[in-house]
Every structure is written in structure tokens, then in C-alpha cells.
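Okay, structure first, notes after.
Keep in mind that the numbers below use all heavy atoms, side chains included, and drop hydrogens, waters and symmetry copies. Below, chains carry the letters A, B, ... as their sequence lines are ordered, and counting in each starts from 1.
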2 protein chains.
Amino acid sequence: MNATATNSADNYSISELAQEFGITTRTIRFYEDKGLISPERRGQTRVYSPEDRVRLKLILRGKRLGFSLDESREIIDMYDPAHGNVEQLNRLLERIESKREQLRQQQRDIEKMLAQLDDATARTQAALKEHRN
Amino acid sequence: MNATATNSADNYSISELAQEFGITTRTIRFYEDKGLISPERRGQTRVYSPEDRVRLKLILRGKRLGFSLDESREIIDMYDPAHGNVEQLNRLLERIESKREQLRQQQRDIEKMLAQLDDATARTQAALKEHRN
DNA sequence: GTTGACGTTTACGTTAACGTAAACTTCAAT
DNA sequence: ATTGAAGTTTACGTTAACGTAAACGTCAAC
């Protein structure tokens, strides 16, 4: 046990992340292949930083919302406006607003679907009461 | 022009629905193939009722939320508790509640992502102000 | 009577997002 | 020295959700 350990403390192995998020290592490597994560390497081995972990979290959040990996990448990249020139920044603002609109549409869709499920519950319970005869 | 027209008034052709919802006829036929819609036939030709149209609407709503066609079919079928026996009805109630939970998770995901987009907007606008020097 | 516009079936092609398997390395432990 | 757990690359396989194209029927319009 050295004072300056080889692992910089708050790093993760690929299997640690896989287990934490309930996915396979294959999936994580696939995301790297698609350019969504870029972990460091200790020799051959991948070493994931807390930032990498956050990116993974964002990808999975996107997945739960039905986003493609390309869409998730886009959204993640929006958080970093290092993309210099003014025109690009303005287009970025538009794309952000567009995504916001899409999310608001999803909110409306969820509301309607939840109402539909309330209906379904009521109908099913009614059918159950029917059965008590 | 006969008084009792061949088309029962409020029915739709496949291309009408396709245009209304911005999808292709191929897509609609595909949904039928997967058992999501079952339009009537006037000879060979498909004739869609208002109920068919509603089902289509629900499918597309599911799509916007990232649901697979199988999931959408499940949700749609939840609305009709014709599935007799008590045990099945109880399992149905569980599946409904499960879906509700999933939708609530999506709501949380959307909230976080919207907050993230607010951040992104602020950062981008800051980057733009930087550019005015 | 042929030309469109619209419909049909059948079938092969395509893309995304991984799964699965093979073949290999590294390293700590027995 | 070998085993076992975890890592790696390479590559072929799979499923969902359509796209695309071919080949054909139908019917009102010119």
C-alpha cells in the first residue's frame, strides 16, 4: 500500500460502472466507440473519471426518454459552449430551444398517458367489482 | 352521388391518416402487421374508423416517449379490461401501476434535462457576451 | 383505351444498439 | 506454474422499425 496509490482515488473501472448502472461492459465500450465517452488508459485498461461517469449518467437518462445516442451526444455537447464563433453559438441557442420544445411535448404526452392510465385503473377496478357477484 | 354513400362518412383512407400524422402508408401497414391496428376492408382496400385513428394517435404518442411498439400495444390494451378472470385483472393493475412509475421517472428525467438546458443557455449567452469585446 | 392516382402484396435492404463468442493479455493468488 | 478474474480487440449475429422497390389491381378521367 503506497501513499500515492496507482489509482487516483475517485476513478472507476469499466465493470464498476457497468454494475452501478445495470448495463454491460460491452455497452460502455460501444458508447466509447460512438464517441460518447473517452476514458483514459492505464496501459490497455480503461480508467473512468467522475466526469466520464456523469456523461454515462446523461446518456442513460437520454435513453429512458427515448433519445438516440446521437441525440444524447448532442445534448451533452450543448453543455460545453467551447465552440467559438458567434454564428455557431446562435445556432446552438436554437438547437437548445428546440430540444426544450421537444421535452415540453413529452411532458404533455406523459400527462395524457397518465390520465389514460387513471382511466384504465378505474375501469379495471370496476371490472373487479363486477366479478364479486 | 347517392344518399347512402359507400363510405360511412367519418372513415379514413390510409393516405389520409398518413398525411395527417406525417408518416408513410408503409408505416401504417407495418403497425397493422404487428397487430396494433385492424382496419376493416372494402374489398382489398383498408378503411379506418375513428377508433383506428385514435389507436394510431396513441402509438405515435408512445413513440415520442421512446416506447417500443410492443409497449404501446400493451398500454393501449390496458384501456380495455375485457380480459376476464380476477387474477388477470389484478396483474393488469400491477402492470398499469408499473407503467405509471416509469412515466414518473421520465418526468423526473425531463425536469433534470430541462434544468441542464437552462444551464446550457446561460453558458452560451455568456460565451456570446464574451464575443462582444 | 390508356394514363394517373391510389391502393394492394411480397420481399429484400438498412440502421441503431447492442449481444455473443472467440482469442488473447495481465496480474494477483494458490 | 497454473488457475481465475478482469481486462482487451475483432468480428459476426440479432432485433426493431421501418425504407425501398417491384409487380400488380382498380377506377375515374381524358
Legend entry - Working for salt bridge (Lys or Arg N to Asp or Glu O under 4.0 Å), residues B/Glu71 and B/Lys99: CA-CA 10 Å; B/Glu71 285 178 304; B/Lys99 271 299 161 194; 3.3 Å; yes

Inset, instruction - Apply the test salt bridge (Lys or Arg N to Asp or Glu O under 4.0 Å) to residues B/Arg104 and B/Glu101: give CA-CA distance (whole Å), side-chain angles for both, the deciding distance (0.1 Å), then the verdict. - result: CA-CA 5 Å; B/Arg104 283 193 283 252; B/Glu101 190 49 54; 3.3 Å; yes

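Judged by distance alone, with hydrogens and angles left aside, the side-chain atoms of A/Asn11 form no donor-acceptor pair with the main-chain N or O of A/Val47 at under 3.5 Å.
Taking only side-chain nitrogens and oxygens, B/Arg46 comes nearer than 4.0 Å to OP1 or OP2 of C/dT8.
With rounding to the nearest 0.5 angstrom, the OH atom of B/Tyr48 is 14.0 Å from the CZ atom of B/Arg53.
The pair A/Asp52-A/Arg55 fails the salt-bridge criterion, with no side-chain N (NZ, NE, NH1 or NH2) lying under 4.0 Å from an Asp/Glu carboxylate O. We find that B/Glu74 and B/Arg95 are joined by a salt bridge, their nearest charged nitrogen and carboxylate oxygen being less than 4.0 Å apart. The pair B/Arg100-B/Glu97 meets the salt-bridge criterion, since a charged nitrogen lies less than 4.0 angstrom from a carboxylate oxygen.
For the pair A/Arg123 and B/Tyr79, the cation sits on the ring face: its NZ or CZ lies under 6.0 Å from the ring centre, inside 45° of the axis.
Applying a 4.0 Å cut-off to non-hydrogen atoms, none of the residues of residues 51-63 of chain B approaches DNA chain C. Contacts with DNA chain C (heavy atom under 4.0 Å) in residues 25-38 of chain B: B/Arg26, B/Arg29, listed by number.
At a threshold of 4.5 Å between side-chain heavy atoms, the hydrophobic network of Ile, Leu, Val, Met, Phe, Trp and Tyr places A/Ile59 and A/Leu17 in one connected group.
With a cutoff of under 4.0 Å to any heavy atom of chain A, the contacted region of DNA chain D is bounded 5' to 3' by D/dA6 to D/dA11.
No side-chain heavy atom of A/Leu65 sits under 4.5 Å from any side-chain heavy atom of B/Leu65.
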